[in-house]
Protein chains: 2
Amino acid sequence: MSSAVTSSLAHRVPDLGALELLLAVARLGSLGGAARELGITQPAASSRIRSMERQLGVALVDRSPRGSRLTDAGALVTDWARRIVEAAEAFDVGAQALRDQRDSRLRVAASMTIAEYLLPGWLLALRAGRPDTAVSLLAGNSAAVAERLLADEADLGFVEGLTVPTGLDSVVIAHDRLIVVTAPGHPWSRRRRPLTSEELAATPLILREKGSGTRQVLDTALGGLARPLIELSSTTAVKAAAVGGAGPAVLSELAVREELAMRRLVSIPMADVSLARDLRAVWPTGHRPVGPARDLLHLTRA
Amino acid sequence: MSSAVTSSLAHRVPDLGALELLLAVARLGSLGGAARELGITQPAASSRIRSMERQLGVALVDRSPRGSRLTDAGALVTDWARRIVEAAEAFDVGAQALRDQRDSRLRVAASMTIAEYLLPGWLLALRAGRPDTAVSLLAGNSAAVAERLLADEADLGFVEGLTVPTGLDSVVIAHDRLIVVTAPGHPWSRRRRPLTSEELAATPLILREKGSGTRQVLDTALGGLARPLIELSSTTAVKAAAVGGAGPAVLSELAVREELAMRRLVSIPMADVSLARDLRAVWPTGHRPVGPARDLLHLTRA
DNA sequence: CACTGCTCATAAGCCCAGCTTATGCCCTCA
DNA sequence: TGAGGGCATAAGCTGGGCTTATGAGCAGTG
């Protein structure tokens, strides 16, 4: 599979600290200034940038006695670096929410797909507006989300099922749909006509286990007929199998957006089945969200 | 601005090596197996995962004498980690292309926006299909791209201007458009009616310098009338100024997609101006791309 | 003209994170 | 009951990144 000769990414990509430093240099136009901002000394910054240039084999900044500017290549590298740092920020805010299980001002319960793909972005936006709101996150299925809310162990929930659990009010915050995907080499990727639901039902698919949200939606749409090629217990495992060419899979648009953009997977048009589903914010009937929960709710709609 | 107390991301986010290790553990279901794959010893993997758990304050894997499985929180963390690693892969493939200036099998010349936002994804896809194609990248404006191609110093080019440089054949590979954006707090973000071109032309904007591709398109669309609030020399600088609330900016949709998703910027609808532009692959007239250049060209269209 | 203040670079020394090797315990399966 | 795969712990090494101390180049100023 992946070649063992290829030394790991971590050896070829500068670490986060170096990338943050590079972004600071780009923004401030000076090594010393960037060092100050990050709370390190100027020689440390100087040496770190230099060793990054050595590692990449590319000159990144033009130094002068009046400051430092990015080279053309440096500007490009800095933009790519920003992507890594942004992903790291999402990771950070998510991990923090996961850690502070107790006594937070805003306790969120969310389904897996939403927690994976949408929540970090929302939390970053929330932090931008209200920097000191401590958020805690509990991820689980719809039933678990409902349970937490009703036990007053969460202030706001997010679910992605077809139905709203009883005892909860809800509002639709986004739409999602399941799509059929295969690896680029699969015969279906060269089809001209859209796929019919009969064909889909007749073909063994890479699926989530029974009981998962996605599986429920698919089974309902096909009339309980989806045929498993294999059943896996996480979206990630399903994606990996599909990318590896094991067969067609049915997954949330959210989950495969990046794989589609990278052409690691291709989407197969469907003719007659609508696998749309709503993503909803939920809360105990009558208890409209207030305070930070209300702020978060507003963020999610737009 | 950003608080100095907040210790840097790098202290709260595990480094790339640790994240890669976590992904390997998730995939293989065993610390030792993951260690083997990454070419380190089992104790090293064990300790690294443990220190990552300590750093995050979250249990990530359930160890047992028969292997290790991710906890629920671990699954979530792993998915967020995958995002970082994917961004790092894009960085890596881009940096490599930037380094290998000479004697590559495939020499690409691309405009800044394309090099920044699209090319790494293409190169990853290309590498997936042809793992050993050495690619070199030169980023510059349309004129520079044309020059390289005509001097036979590049095999395939990508430009985003309004016109195709003479001497080159081209094919449209994607569409882009410029959009007006502001920070979320700006008055325009609460407008109900779309913006007219008169209003846009009458308002001082954060702009790229004259001569840049985006500026050209905007000036043409407004009849050469764009009024600068400030002129900055990179897309990134413009974005940063806009995010900071300095005023409205006009930027490529590609460049601000993530900022929009994160709600760091909001898009202001335009009534009567179309700021669409084509992204094109280009090559010297008559010399249709062959070999790796042809493969890359195919990847970009879909 | 020299002084001040900004820039960056170099050198010497410290410290800790992460690696390795060596070992031991737990569990399962033949 | 022993073999084998899983993980943990302990001791010792190494290197990368930090600090402090110092010097040099350039701009603006009285």
Side-chain angles (χ1 to χ4, degrees), chain A residues 4 7-57 59-71 74 78 81 85 88, chain B residues 4 7-57 59-71 74 78 81 85 88:
Chain A
S7 110
S8 88
L9 262 189
H11 294 144
R12 285 171 315 188
V13 177
D15 66 37
L16 271 174
L19 299 179
E20 282 188 278
L21 176 62
L22 180 62
L23 295 187
V25 170
R27 184 154 30 83
L28 300 173
S30 133
L31 294 185
R36 238 169 290 129
E37 180 171 280
L38 299 192
I40 62 177
T41 60
Q42 171 268 318
S46 179
S47 122
R48 200 129 194 228
I49 293 283
R50 187 169 297 284
S51 69
M52 180 159 44
E53 289 178 314
R54 211 164 356 105
Q55 180 181 24
L56 299 178
L60 300 173
V61 305
D62 270 335
R63 296 131 173 103
S64 91
R66 308 182 295 298
S68 296
R69 276 182 49 79
L70 293 179
T71 61
T78 303
V85 172
Chain B
S7 109
S8 87
L9 262 189
H11 295 145
R12 284 172 314 190
V13 177
D15 67 37
L16 271 173
L19 298 179
E20 282 189 279
L21 177 61
L22 180 63
L23 296 187
V25 171
R27 185 154 30 83
L28 300 173
S30 130
L31 294 185
R36 239 169 288 130
E37 181 170 279
L38 299 192
I40 61 177
T41 60
Q42 171 267 318
S46 179
S47 122
R48 200 126 196 231
I49 293 284
R50 186 170 299 283
S51 70
M52 180 159 43
E53 289 178 312
R54 214 166 351 110
Q55 179 181 25
L56 299 178
L60 299 174
V61 306
D62 270 336
R63 293 126 171 111
S64 88
R66 309 183 295 301
S68 295
R69 275 182 50 79
L70 293 180
T71 61
T78 303
V85 172

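A note on names: the letters A, B, ... follow the listed sequences, proteins ahead of strands, and every chain is numbered from 1.
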Novice: Taking CG from Leu16(A) and P from dG16(D), how many angstroms apart are they, rounded to a whole number?
Specialist: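 One finds 19 Å between P of dG16(D) and CG of Leu16(A), rounded.
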Novice: Whether the side chain of Ser68(A) engages the backbone of Val61(A) through a donor-acceptor N/O pair (distance < 3.5 Å, no angle test) should be reported.
Specialist: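 Checking the backbone N and O of Val61(A) against the side chain of Ser68(A), no donor-acceptor pair under 3.5 Å is found.
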Novice: Measure the shortest side-chain to side-chain distance between Arg63(B) and Ile49(B) over non-hydrogen atoms and say whether it is less than 4.5 angstrom.
Specialist: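 With C-beta onward as the side chain, the pair touches.
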Novice: I'd like the 5' and 3' limits of the part of DNA chain C contacted by chain A, with heavy-atom contacts below 4.0 Å.
Specialist: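 Endpoints of the contacted stretch of DNA chain C: dT7(C) to dT10(C).
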Novice: Which heavy atom in Pro14(B) sits nearest to a heavy atom in Leu56(B), and how many Å separate them?
Specialist: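 Closest approach of Pro14(B) to Leu56(B): CD-CD2, 4.1 Å.
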Novice: In this structure, how many angstroms lie between the P atom of dC26(D) and the CZ atom of Arg63(A), rounded?
Specialist: 16 Å
Novice: Measure the distance from CD on Gln55(A) to C1' on dG17(D) and round it to the nearest whole Å.
Specialist: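 My rounded result for the distance is 13 Å.
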Novice: Other residues, nucleotides and ligands only: do more than 12 of their heavy atoms fall within 6.0 Å of CZ on Arg69(B)?
Specialist: no
Novice: In this structure, how many angstroms lie between the P atom of dC18(D) and the CG atom of Asp15(A), rounded?
Specialist: 8 Å
Novice: Categorize Asp62(B) for me: base, sugar-phosphate, or nothing, with a 4.0 angstrom heavy-atom threshold over every strand shown.
Specialist: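 Touches nothing.
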Novice: Please tell me if the side chains of Leu16(A) and Arg12(B) come closer than 4.5 Å, counting only heavy atoms from C-beta onward.
Specialist: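 Not in contact.
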Novice: Counting C-beta onward and ignoring hydrogens, is there a side-chain heavy-atom pair between Glu20(B) and Glu37(B) closer than 4.5 Å?
Specialist: no
Novice: Checking Gln55(A) side chain against His11(A) main chain: does a donor-acceptor pair fall under 3.5 Å?
Specialist: yes
Novice: For Gln42(B) and for Ser51(B), find the nucleotide of DNA chain C with the closest heavy atom, then tell me which residue's nucleotide is more 5'.
Specialist: Ser51(B)
Novice: For residues Leu21(B) and Leu31(B), determine if any side-chain heavy atom of one lies less than 4.5 Å from a side-chain heavy atom of the other.
Specialist: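 Heavy-atom side-chain distance check fails, nothing below 4.5 Å.
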Novice: List, with names and distances, any nitrogen or oxygen atoms from the protein found under 3.5 Å away from nitrogen or oxygen atoms belonging to nucleotides 2-6 of chain D.
Specialist:
from   : atom 1 : to       : atom 2 : distance (Å)
dG6(D) : OP2    : Arg36(B) : NH2    : 3.3
dG6(D) : O4'    : Pro65(B) : O      : 3.3

